[in-house]
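Numbering of ligands and ligand atoms starts at 1, following listing order. Small disclaimer: the values here were computed from a predicted structure and weren't measured.
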Amino acid sequence: MDIEFFGAAGEVTGSCHILRVGDQTVLLDCGLIQGSRKDEARNHEPFPFEASSIDAVVLSHAHLDHCGRLPLLVRRGFRGPIYVQEAAGELVAILLSDAAHLEERDAERESRKTGKKVKPLFTLEDGEAVMRQLEGRKYRQRFEVVPGIEVCYRDAGHILGSCAVEVFASELGRERKLVFSGDLGQYDTPILKDPECIDQADYVLMESTYGIRRHRARDETVKEIGEILSEVRAGKGNVLIPAFAIGRSQEVLYLLGKHYEEWELYRFQIFLDSPMAIEASKVYWDNHHLYDEEATKLRKENGGMPLLPNLKLSQATEDSMAINRIRSGAIIIAGSGMCNGGRIVHHLKHNLPDARNHVIIVGYQAYGSTGRRLVDGNDTVRIHGQDVQVRAKVHTVGGLSAHGDQDDLARWYECMQNRPPVWLVHGERESQLAFKDYMGQRNGAQVSVPDPGERLTL
Ligand SMILES: [Zn+2]
């Protein structure tokens with residue numbers, strides 16, 4: 001068996017690993033590179049393999065940095081099955097159609113601007129082709145991917161339907177087990193169950209996005225959000241929450257619902273201003289069989305989801321534009337999560353120059369993104385070709401991250417009694433090196449940090 005680390009080695013986006021067992025080739029994830037324009041331009045480059053030579057794809061979860069290059073893979077000739085956890089499959093459909101829309105729109109805009117025909121990275125049609133190749137699977141049911149490779153999905157607690165993947169590879173009469181962590185959530189994440197314990201493996205490919213840090217305790221984060229909201233009530237401003245349509249948006253809504261009385265949220269107008277987040281929320285609300293105990297109980301008490309009686313789902317562009325006229329008392333949850341596009345950008349433009357307003361950053365912000373500039377405290381950010389003054393207060397509440405911190409990651413690993421060797425495949429280099437040291441001291445794990453393109457024979 002060998003593994004080639006094609007994407008996300010030494011960075012946090014573009015997850016894609018090539019697994020070869022006998023004459024079969026399987027991709028673990030096929031993610032999009034996200035971040036600055038220069039980084040994103042790399043998505044147009046050819047794959048270092050023939051798309052038609054891939055036998056199957058196994059997806060860990062429905063984030064673009066894990067599944068966003070599938071439309072390219074299919075367009076370039078991949079015809080095999082794409083395995084995905086069932087609820088994750090519903091989210092992938094939403095994600096790819098939204099991404100294709102944006103690609104087509106940007107290409108059109110670029111074509112008008114330059115006078116040259118600019119092609120989108122992929123189209124709606126490419127996204128639909130992916131959907132026809134998706135094969136939904138349940139958690140904890142082992143299935144054959146290709147001859148010699150079987151897979152079992154385990155809950156990773158990161159977003160709905162997210163998986164750590166157990167890969168059983170048989171070669172020359174011998175079976176070995178590789179575990180690919182996908183993205184791991186925090187323990188006690190709202191709505192979702194904890195990352196599931198996997199008790200043994202021969203090798204582990206593991207993410208380390210937050211391998212360098214510890215998140216603030218969740219209850220402190222929740223307290224902090226409560227304090228920000230009481231400041232907003234007193235100062236009569238608006239609150240902007242840039243959030244990924246899938247995962248963070250639903251978690252934020254849930255948290256607001258849970259503390260509705262305590263935070264006096266009946267005083268606010270709450271908007272989910274993203275057609276995509278609305279669709280994703282519906283998938284979350286429908287798949288309540290995947291909830292943890294608390295969410296199951298709150299849903300039952302409330303008689304269904306969502307928990308917020310004053311939530312407005314803002315579908316049409318006019319609805320979104322109308323929100324821009326509200327000067328006070330609005331909580332606006334909108335994408336994109338890193339503020340590089342989407343409706344949040346318009347809200348930032350209208351709200352950043354006013355010191356009464358607040359921005360609450362709840363998710364990871366990659367280098368080069370507008371969100372990262374806000375987190376880093378820049379006085380101005382560039383939006384639609386203009387410098388916009390940042391007078392609004394920017395709060396970063398790390399405790400809501402969809403990713404586990406170094407403790408969570410180590411705890412998940414330590415389920416594996418036999419302490420298998422680890423390769424870190426997802427994380428900025430600095431974080432990976434710190435996590436390697438941390439693991440060495442904490443549990444003596446043998447941890448390696450591969451380079452992109454490195455090939456490992458096991
Ligand atoms: Zn993810």
Within less than 2.8 Å of the Zn ion (ligand 1), how many protein N/O/S atoms are there? 4
Donor-acceptor pairs under 3.5 Å, side chain of residues 415-423 to any protein atom, not counting sequence neighbours: which ones?
from, atom 1, to, atom 2, distance (Å)
N418, ND2, A201, O, 2.7
R419, NH1, E414, O, 3.3
R419, NH1, M416, O, 3.0

Any cation-pi pair here, R137 with Y153, using under 6.0 Å and within 45°? no
State whether F244 and R248 meet the cation-pi test: NZ (Lys) or CZ (Arg) under 6.0 Å from the six-membered ring centroid, and within 45° of the perpendicular axis. no
Set of side chain to side chain donor-acceptor pair (under 3.5 Å) partners for K177, sequence neighbours left out: E166
Restricting to pairs with a member in residues 438-458, which pass ring pair (Phe, Tyr, Trp, His ring centres under 6.0 Å), not counting sequence neighbours? none
Identified side-chain hydrogen bond (donor to acceptor under 3.5 Å, both in side chains) counterpart of D407 within the set R213, H215, R442: R442
